[in-house]
Amino acid sequence: MTSQDGGLDSQGGLPLPRGSALLNDPLLNKGTAFTDVERDALGLRGLLPPRVFSLDEQVARAMGNFRRKTEPLEKYIFLTTLQNRNETLFYRLISEHLEEMIPIIYTPTVGQACLEFGAIFRRPRGLYLSIRDKGHIAEMLSHWPTTDVRMIVVTDGERILGLGDLGALGMGIPIGKLSLYTACAGVHPRYTLPITLDVGTNNESVRNEPFYSGANQPRVRGAEYDEFVAEFVTAVVRLFPRALVQWEDFGNTNAFRLLHEYRSKVCSFNDDIQGTAAVALAGLLGSLRISGNRLRDQRVLFLGAGEAGTGIADLFVAAVRDEGLSVEEARSRCWFVDSQGLVVKSRLSTLAEHKIPYAHDHAPVATLAEAIDAIRPTALIGVSGSAKAFTQPIVERMAQLNPHPVVFALSNPTSKAECTAEQAYTWSQGTAIFASGSPFPPVTYQGRTYVPGQGNNVYIFPGLGLGALVAEATEVTDAMFLKAARTLASLVTNEDLEKSRVYPALSRIREVSLAIAVAVANEAYTTGVARRPRPAHLAEDIRQRMFVPEYRSYV
Ligand code: NAD
């Protein structure tokens, strides 16, 4: 398979380095697993201790070292160092221990890692494009060591998880997301490129940190920012024409604007808006299998009317329209409470554009508790970044109103969650269908064990990206997210539902990603946005392209 035919497992066709250069190439390095024959042929003898270890033995050793670290941030640093030394071992380790590792390489630990990204810096990964380098972006992209980049995750660090503006410290997010593309969907690490657009930060405490690594200036806005992003997009399209761009953790004014401006100019999507939407919709679809209700009969109240909330509502509307409702009818099922209270028509003149479709005719309502009484929602979705906002009276009221209230506390990291799993189950007397953004352990309440689902975007974006890459889609359409959500929901088993879990076990993520990739690629072929000819056996074709962390022989 070559990189020319859309293969996603290529080693890039580059000549193999020798000796210490080979040991220093994390994509090729096998460390102590180089065989005697390879050591002789590749100038490695003496550069490694004599005993040859198998990959399994290396995994066991690395796992021992990982578990010896007690602090999650120490574990994160250990994994980062391993990734920079030996990517095959890194991916094998995380693939075999996904449920233990994902909370380290991604939420919640990655949030803490970003906060301390300057202080824990070891070696750079990805590209830093600074506003000070405006006018030279194409040249800087050409410094990247490979030319066949297929998957870019880019942030400007303005809204990192629920932590806000972290400036260039946000680089931990593109790195982490791309690791998940490889671990969860088998996108070859050689094709991935993390990028930070460093346009400054308005977070003074970040700027004043002794080890802050970004431009020490306030965030650039307006025309200068827009020109910078436009230059970036133009350069990507020219240098990496097959690349899919994931816009990640932009502040919400830029996030919506950039998505609308560029989604037809460069194959791209915004995970915070669209990926979140698909994973939350899948959770809602899963909850209907417990409650026995129809999607069109739901009344969803969102706490938080930002990227996540309105993104979920937009996809919910698309899904409900499939059930025969008009856009207006579908929108009337979605209500929002933001920091100013219920989003209603009388607030129109001051509302951000993305909230306007959901400003309904209703008297002003100031608080979430009053909004619940007024709207009587079937589902309450927290995407506000406002910790502990789902109080005992709120959850109890939801349980009075519904036999199976949906309570999703999606704000990340764990410290920002609107309520914990234990609170949701206990306060609803075991009736709530709960999901969260960050993981919570199982809860036993009155003799029954509940396994809270994690509405983690990782269920969606790796498979969606893989499907778009394999088809070489020219654009990522809304219908692809709907397909991804429905596919994810269809993979929830009856055993999952018995434990009140509305997502499949994370251990099934590669199977989930493959199924989503097939659905998304199919959609690309059906709607004519695929550039690569359709293979005879799509699922098998995609499965074979998935990167498997194994050593190959070099001699
Ligand atoms: P955002 O900044 O775009 O929106 C936040 C919204 O919450 C704004 O409308 C703001 O007015 C509102 N808000 C803030 N404080 C509030 C309060 N006290 N009461 C009511 N509303 C309040 O952010 P976003 O991208 O929408 O993300 C919001 C949260 O959702 C974050 O914590 C993020 O981590 C989480 N999130 C989770 C997932 C997931 O679990 N899969 C995915 C994306 C985002």
Side-chain angles (χ1 to χ4, degrees), residues 102-103 106-108 110-111 114 155 158-166 170 173 177 180 246-259 270-284 301-315 335-343 347 350-356 358-359 365-372 380-391 394 408-418 434-440 452-461 481 485 488 502-503 506:
I102 284 186
Y106 211 66
T107 52
V110 75
C114 285
T155 187
E158 187 170 4
R159 201 241 52 184
I160 295 299
L161 306 172
L163 300 169
D165 183 356
L166 299 188
I173 299 296
K177 286 244 154 146
L180 295 178
Q246 177 173 323
W247 304 101
E248 183 69 33
D249 284 3
F250 284 73
N252 78 29
T253 44
N254 286 326
F256 288 105
R257 265 180 350 104
L258 296 180
L259 178 63
N270 181 305
D271 186 53
D272 309 301
I273 301 173
Q274 300 165 290
T276 305
V279 82
L281 178 64
L284 275 178
L301 180 60
F302 295 89
L303 180 69
E307 294 170 48
T310 55
I312 299 168
D314 289 347
L315 198 64
W335 292 81
F336 285 87
V337 170
D338 66 8
S339 49
Q340 308 301 310
L342 193 64
V343 172
R347 292 177 51 196
T350 54
L351 283 179
E353 206 174 320
H354 59 275
K355 302 183 192 180
I356 291 174
Y358 300 102
V365 173
T367 66
L368 177 63
E370 289 165 331
I372 291 176
L380 181 61
I381 299 186
V383 272
S384 60
S386 154
K388 303 185 175 63
F390 296 170
T391 57
I394 297 250
F408 288 178
L410 296 184
S411 288
N412 291 317
T414 317
S415 60
K416 301 275 181 182
E418 284 80 3
F434 176 82
S436 55
S438 296
F440 282 103
Q454 191 191 350
N456 190 329
N457 293 27
V458 79
Y459 282 118
I460 296 288
F461 70 81
F481 286 96
L488 176 57
V502 290
Y503 295 102
L506 213 44

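All residue numbers in this chain count up from 1 along the given sequence. Just so you know, ligand 1 is whichever comes first in the structure, and atom 1 is the first atom listed for that ligand.
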In terms of residue, atom name and distance, what is the protein heavy atom nearest to atom 17 (C) of ligand 1? Ser386 CB, 3.9 Å

Protein residue, atom and distance nearest to atom 5 (C) of ligand 1, heavy-atom basis: Val383 O, 4.0 Å

With a 4.5 Å heavy-atom cut-off, do Gln246 and Phe461 have their side chains touching? yes

Side chains of Asp249 and Thr155: is there a donor and an acceptor less than 3.5 Å apart? no

Given that the side chain starts at C-beta and the backbone is N, CA, C, O, which of these parts of Ser339 lies under 4.0 Å from ligand 1, counting heavy atoms, or is it both or neither? both

Is at least one protein non-hydrogen atom found at under 4.0 angstrom from atom 43 (C) of ligand 1? yes

For Thr276 and ligand 1, does the shortest N/O to N/O distance drop below 3.5 Å? no

Closest to atom 9 (O) of ligand 1 among protein heavy atoms sits Ala305 N, 2.9 Å

Specify whether Phe408 and Tyr503 have parallel, tilted or perpendicular ring planes, treating 30° as the upper limit for parallel and 60° as the lower limit for perpendicular. tilted

Which is it for Ile273 and ligand 1 at heavy atoms under 4.0 Å: side chain, backbone, both or neither? neither

Name all residues meeting the salt bridge (Lys or Arg N to Asp or Glu O under 4.0 Å) criterion together with Glu248; count only those two or more places apart in sequence or in a different chain, and write none if there are none. Lys177

Close N or O approach (Leu410, ligand 1; < 3.5 Å): yes

Can you check which of Ser384, Ala371, Gly304 brings a heavy atom nearest to atom 14 (C) of ligand 1? Ser384

What residue and heavy atom of the protein are closest to atom 25 (O) of ligand 1, and at what distance? Arg159 NH1, 2.1 Å

Answer with side chain, backbone, both or neither: which part of Lys416 has a heavy atom less than 4.0 angstrom from an atom of ligand 1? neither

Using distance alone, determine whether Asn412 and ligand 1 share an N or O pair under 3.5 Å. yes

Among all protein heavy atoms, pick the one closest to atom 41 (N) of ligand 1 and tell me residue, atom and distance. Asn457 OD1, 2.5 Å

